[in-house]
Asks: 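Would you mind keeping the following structure in view while I ask a few things?
Small disclaimer: the values here were computed from a predicted structure and weren't measured. In the text below, chain A, chain B and the rest are named by the order of the sequence lines, each starting its count at 1.
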There are 2 protein chains.
Amino acid sequence: MIRTISPNRASFGRCSACTVRSLSICNALDQADLAEFERISRHIHFAPNEALFTAGQIARSVHSLTAGVARLYKLLPDGRRQVIGFALPGDFLGVAPSDRYSFSADAIDSVTVCRLSREAFTHFIEQRSHFLMRINEFAARELKLAQEQMLLLGRRTAEEKVASFLVGWRQRLAQIGDERQTIALPMSRQDIADYLGLTIETVSRTLTRFEREKMLIIVAGGVRLLDPSRAAAMAAA
Amino acid sequence: MIRTISPNRASFGRCSACTVRSLSICNALDQADLAEFERISRHIHFAPNEALFTAGQIARSVHSLTAGVARLYKLLPDGRRQVIGFALPGDFLGVAPSDRYSFSADAIDSVTVCRLSREAFTHFIEQRSHFLMRINEFAARELKLAQEQMLLLGRRTAEEKVASFLVGWRQRLAQIGDERQTIALPMSRQDIADYLGLTIETVSRTLTRFEREKMLIIVAGGVRLLDPSRAAAMAAA
DNA sequence: CGATGACTTGAGGGAATTCAACCGTCGTGG
DNA sequence: CCACGACGGTTGAATTCCCTCAAGTCATCG
């Protein structure tokens, strides 16, 4: 029998000790459900830039991110890329209408996920309507984010796009408990550009201009917002 | 007591006679469930350009479209508009994470919806996990469409956008049983432009060029595709 | 039949891209 | 120890695709 997952990368889940449970889909589970969930899930680790899964593959698993940041993206045949989102701890990757992944996901930094077979997951949710409701809430939240991103991609200027991204990203980091002054940007400029429908040069130029205008300071691995209200105004406009 | 809905516009649902049931969320309901659903829902009619609901309003209702086409859109404070989708018969408008509408919807042509109070709807689904699963599938399908639209908005050229729109729209019409040669386009050029993140002039020019190049013929209320494979190639590229 | 609204067409401009060079950091091996 | 290439990021100049502005066409309707 071929093991596709090496033992040192996969381990049994310890749901009771899960640090992101309250953020994740698992918050809807009681003690008994959690024990069963633990039985059917595995923790898996991914190194930076490693693929969690790839668009077009048969979707055998669903994932709940427990640590790190992942980029979710779609490609055109000629290589053009659109990043459709960044997944943070607590995010669920498994809302899909077909049996194949419709987008790809890879680790940006060091990532840990809780992985379940799609089959077991489907069986698990069927009996638990409160859990199903939770999945539904997650799907609804994702959909709303996607719709906001459509507005950004279709109707905002480069400047507004970058400002909106920073404000939105800061907010998401705050939601998972990262309230540091400096906004961590683990993804590359290229990732940001592909998320905003811009080129890497435009993202770079815009950030440098923001810095010249004293709206922020570019630091290693992120930016420090000096004028959050100005950024927020740009994002809303 | 104030009646917000005039009697001649609202009527009791006749779910058993519903022509779009197999396409809609209600396909997951058996006879008994359907009778209960009928009890809590009402049919409402909207004239062209009338608003079904508006972004920011408290979301008291969920809707299932039974006839006509609606545009779903978001606005920026300065009036820029992004159409995030067109709703067709069978489509469900009610997957939302908050108690306020996050987008607006209005009738393009003559529209009929099946409307339920959000409260009654929530209560209804809680007991019916198979129905909840169906809602989930609808949400997943919506999400996938939204992600494809992000790719289009962020990374496709004007030409590709228009071609993709025509191909995708034709496919959606086919799914609801409209397989006519001519692709009906009940929405205005402005609606299409706002859907594709373009200006009305660019949409118009692109369509005229397609016509000059014998890919299609522009007719009243739609287009006739002469070279579907060429359009499909443009859409995929 | 003039007015109105949806759409088309043309000319010119500009925001973002493309192309290209350059900078700084980091890991590697001579 | 430092030369070196690789890589991510920044900056500059030229180009282009799409937008803006403006005018014109066509069908509909009071």
Asks: Please verify the inter-ring angle class for B:W169 with B:F86; under 30° counts as parallel, over 60° as perpendicular, anything in between as tilted.
Replies: perpendicular

Asks: With rounding to the nearest 0.5 Å, note down the distance linking CG in A:L153 to CD in B:Q149.
Replies: 9.5 Å

Asks: Rounded to whole Å, how long is the line connecting atom CZ of A:F210 with atom P of D:dT10?
Replies: 13 Å

Asks: Anything under 3.5 Å between a protein N or O and an N or O of nucleotides 20-23 of chain C, put it in a table, one pair a line.
Replies:
none

Asks: Is A:R205 side chain donor-acceptor paired with the D:dG12 base, going by distance under 3.5 Å alone?
Replies: yes

Asks: Contact class for A:L207 vs. all strands (heavy atom < 4.0 Å): base, sugar-phosphate, or nothing?
Replies: nothing

Asks: Please report the distance, rounded to the nearest Å, between CZ in B:R189 and P in C:dT9.
Replies: 10 Å

Asks: Does a side-chain N-to-carboxylate-O contact under 4.0 Å join A:E213 and A:R230?
Replies: yes

Asks: A:R80 has an atom CZ; how far is it from atom P of C:dA16, in whole Å?
Replies: 19 Å

Asks: Can you list every side-chain hydrogen bond (donor to acceptor under 3.5 Å, both in side chains) pair that touches residues 73-90 of chain A, not counting sequence neighbours?
Replies: A:Y73-A:D106, A:D78-A:R80, A:R80-B:E160, A:R81-A:D191, A:R81-A:D194

Asks: Note the angle between the end axes of the helix from C:dC1-D:dG30 to C:dG30-D:dC1, five pairs defining each, rounded to 10 degrees.
Replies: 10°

Asks: Within less than 4.0 Å of OP1 or OP2 of C:dT17, is there a side-chain N or O belonging to A:T199?
Replies: yes

Asks: Taking atom CZ of B:F103 and atom CG of A:L143, what is their separation to the nearest 0.5 Å?
Replies: 7.5 Å

Asks: Report yes if the side chains of B:R115 and B:H43 come closer than 4.5 Å at any heavy-atom pair, otherwise no.
Replies: no

Asks: Please report the distance, rounded to the nearest Å, between CE in A:M187 and C1' in D:dG8.
Replies: 15 Å

Asks: I want to check one thing: is the phosphate of D:dT11, taken as OP1 and OP2, less than 4.0 Å away from some side-chain N or O of A:T208?
Replies: yes

Asks: Can you identify which nucleotide, out of D:dT11, C:dT8, C:dG10, has its nearest atom closest to the B:I218 side chain?
Replies: C:dT8

Asks: Measure from CD on A:E159 to P on C:dA15 and round the result to the nearest Å.
Replies: 11 Å

Asks: So how far is it from B:E142 CD to A:Q147 CD, rounded to the nearest 0.5 Å?
Replies: 7.5 Å

Asks: Calculate the interatomic distance between A:L196 atom CG and C:dT17 atom C1'; express it in whole Å.
Replies: 15 Å

Asks: Just verifying a value: how many Å separate B:D178 CG and B:R172 CZ, rounded to the nearest 0.5 Å?
Replies: 12.5 Å

Asks: Can you tell me how far C1' of D:dG8 sits from CG of A:D109, to the nearest Å?
Replies: 17 Å

Asks: What is the distance, to the nearest angstrom, from the CG atom on B:L153 to the C1' atom on C:dA16?
Replies: 17 Å

Asks: To the nearest 0.5 Å, what is the distance between CG on A:L151 and CZ on A:R155?
Replies: 9.5 Å

Asks: NA contact type, B:G221, heavy-atom cut-off 4.0 Å: base, sugar-phosphate, or nothing?
Replies: nothing

Asks: Parallel under 30°, tilted from 30 to 60°, perpendicular over 60°: which one fits the rings of A:Y101 and A:H63?
Replies: tilted

Asks: Reading DNA chain C from 5' onward, which residue's closest nucleotide shows up sooner: A:T202 or B:R212?
Replies: B:R212

Asks: Let's see if you can work this out: which of D:dC18, C:dT8, D:dG9 has an atom nearest to the side-chain heavy atoms of B:S204?
Replies: C:dT8

Asks: Taking the nucleotide of DNA chain D with the closest heavy atom to each, which residue, A:R155 or A:I200, is nearer the 5' end?
Replies: A:I200

